[in-house]
Each structure stands twice: as structure tokens, then as C-alpha cells.
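Taking it in order: structure first as C-alpha cells, then the write-up.
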Amino acid sequence: MEAQLFYKELGRLLYAIAAADGKVSDKEVRTLKRVVSEQLVPQEVSTDHFGTDQAYITEFEFEVLAERGASVEGAFDSFIAYMARHRHDLTAERKGLIYRCADAVASAFHGVGKAELPLLIELHKHLL
């Protein structure tokens with residue numbers, strides 16, 4: 001499984017969850033950055049040609065989508081399609097990491113709200 005594509009798609013998922021209620025809060029952005037630095041970077045060994053940890057692609061993709069005001073459905077569906085194509089490459093550990101990251105972003109702003117909950121439920125179904 002290609003790390004660059006995984007982290008790009010993870011950024012799309014986390015954006016979709018943060019933007020589900022129609023806006024991305026500063027607290028959700030801070031949580032995303034914390035998740036990347038504390039959960040993703042320590043477990044990733046690959047770097048890009050500049051020596052930057054591949055896990056930072058998650059943060060970059062999130063920021064690009066937020067700047068563009070991208071579609072929540074499009075971003076979420078992209079991640080679900082990615083998971084379907086790479087189902088056999090996703091270990092139980094990786095699936096747990098995906099859900100922990102998603103839950104952290106969803107919970108960042110006043111807990112998991114009614115807009116984020118359906119996305120988390122759908123994600124959970126695909127992670128089983």
C-alpha cells in the first residue's frame with residue numbers, strides 16, 4: 001500500500017468529518033495537527049524526497065480541501081472508495097488508527113455531533 005495515497009485519502013476522510021456540520025473549526029484543525037504529529041508521524045517510516053514524513057500529507061490534504069470548501073460527500077466517498085480498493089492491504093492496526101483519528105476530529109468541537117455521527121457509523125461499517 002502506497003503511503004502517499006493512504007495519507008492523502010485519510011486527509012480527505014478527516015476533512016469530511018470536520019466539515020460535516022458546514023464549517024471547520026479552529027479546534028478541529030488543532031486536533032487534526034495533534035493527531036498527525038502524535039499518532040501518524042511516530043508510526044510512519046517513509047519520507048518524501050525532501051525528507052518530510054509522509055504522514056504530513058494528511059494535514060496538507062485536509063488544509064487544501066478546507067481552503068477550497070470541498071464537498072463533504074465527495075471527500076468521504078473518496079476515502080470509502082479507497083478503502084474498497086485496498087481492503088486487503090488495511091491491517092487491523094491500520095483500521096484502528098483510521099477510526100481513532102476520525103473519532104478524535106469528530107469529538108474535537110463539543111463532542112461528536114449529529115452531523116458527524118452518520119459518517120462515523122458508515123466508516124465503522126467499512127472498517128469491519
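Nothing fancy with the numbering, it's 1 onward along the sequence.
- For the side chain to side chain donor-acceptor pair (under 3.5 Å) test, residues two or more places apart in sequence or in another chain that qualify with H126 are E122.
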Quick one: side chains of residues 52-59, donor-acceptor pairs under 3.5 Å with protein atoms, not counting sequence neighbours, listed by atom name and distance.
{"unit_1": "D53", "atom_1": "OD1", "unit_2": "A55", "atom_2": "N", "d": "2.8"}
{"unit_1": "Q54", "atom_1": "NE2", "unit_2": "T47", "atom_2": "O", "d": "3.4"}
{"unit_1": "T58", "atom_1": "OG1", "unit_2": "Y7", "atom_2": "O", "d": "3.2"}
{"unit_1": "T58", "atom_1": "OG1", "unit_2": "A55", "atom_2": "O", "d": "3.3"}

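- More than 12 heavy atoms of other residues, nucleotides or ligands shown are found within 6.0 angstrom of CD on Q43.
- The shortest side-chain heavy-atom distance between L65 and V24 does not fall under the 4.5 Å cut-off.
- Taking both residues in full, the closest heavy atoms of A20 and L119 are given as CB-CD1, 3.7 Å, listed atom of the first, atom of the second, then distance.
- Contact detail for A102 and I17: the closest heavy-atom pair is CB-CD1, 3.4 Å.
- Annotation: the span from K95 atom NZ to L128 atom CG amounts to 8.0 Å, rounded to 0.5 Å.
- At distances below 3.5 Å, at least one donor-acceptor pair connects side-chain atoms of T31 with backbone N or O atoms of K27.
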Can you give each donor-acceptor pair under 3.5 Å made by side-chain atoms of residues 33-41, sequence neighbours left out, with the distance rounded to 0.1 Å?
{"unit_1": "S37", "atom_1": "OG", "unit_2": "K33", "atom_2": "O", "d": "3.2"}
{"unit_1": "S37", "atom_1": "OG", "unit_2": "R34", "atom_2": "O", "d": "3.2"}

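- Clustering of Ile, Leu, Val, Met, Phe, Trp and Tyr by side-chain heavy atoms under 4.5 Å joins F60 with V64.
- Between I121 and K125, some side-chain heavy-atom pair lies under the 4.5 Å cut-off.
- Using cut-offs of 30° and 60° for the angle between ring planes, the F6 and Y82 rings count as tilted.
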Apply side chain to side chain contact (heavy atoms under 4.5 Å, CB included) to residues Y15 and V105 and explain how you reach the verdict. CA-CA 9 Å; Y15 165 77; V105 171; over 6 Å; no

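- Counting heavy atoms from C-beta on, the side chains of E116 and E28 come closer than 4.5 Å.
- Here the CD atom belonging to E61 is positioned 10.0 Å from the CG atom belonging to L5, to the nearest 0.5 angstrom.
- Here the closest non-hydrogen pair linking L120 and Y99 is O-CE1, 3.7 Å.
- Contact record, L90 with R94: CD2-CG, 3.6 Å, taken as the closest heavy-atom pair.
- By the side chain to side chain donor-acceptor pair (under 3.5 Å) test, S107 pairs with no residue at all, sequence neighbours left out.
- Under the salt bridge (charged side-chain N to carboxylate O under 4.0 Å, His left out) criterion, E9 pairs with R12, not counting sequence neighbours.
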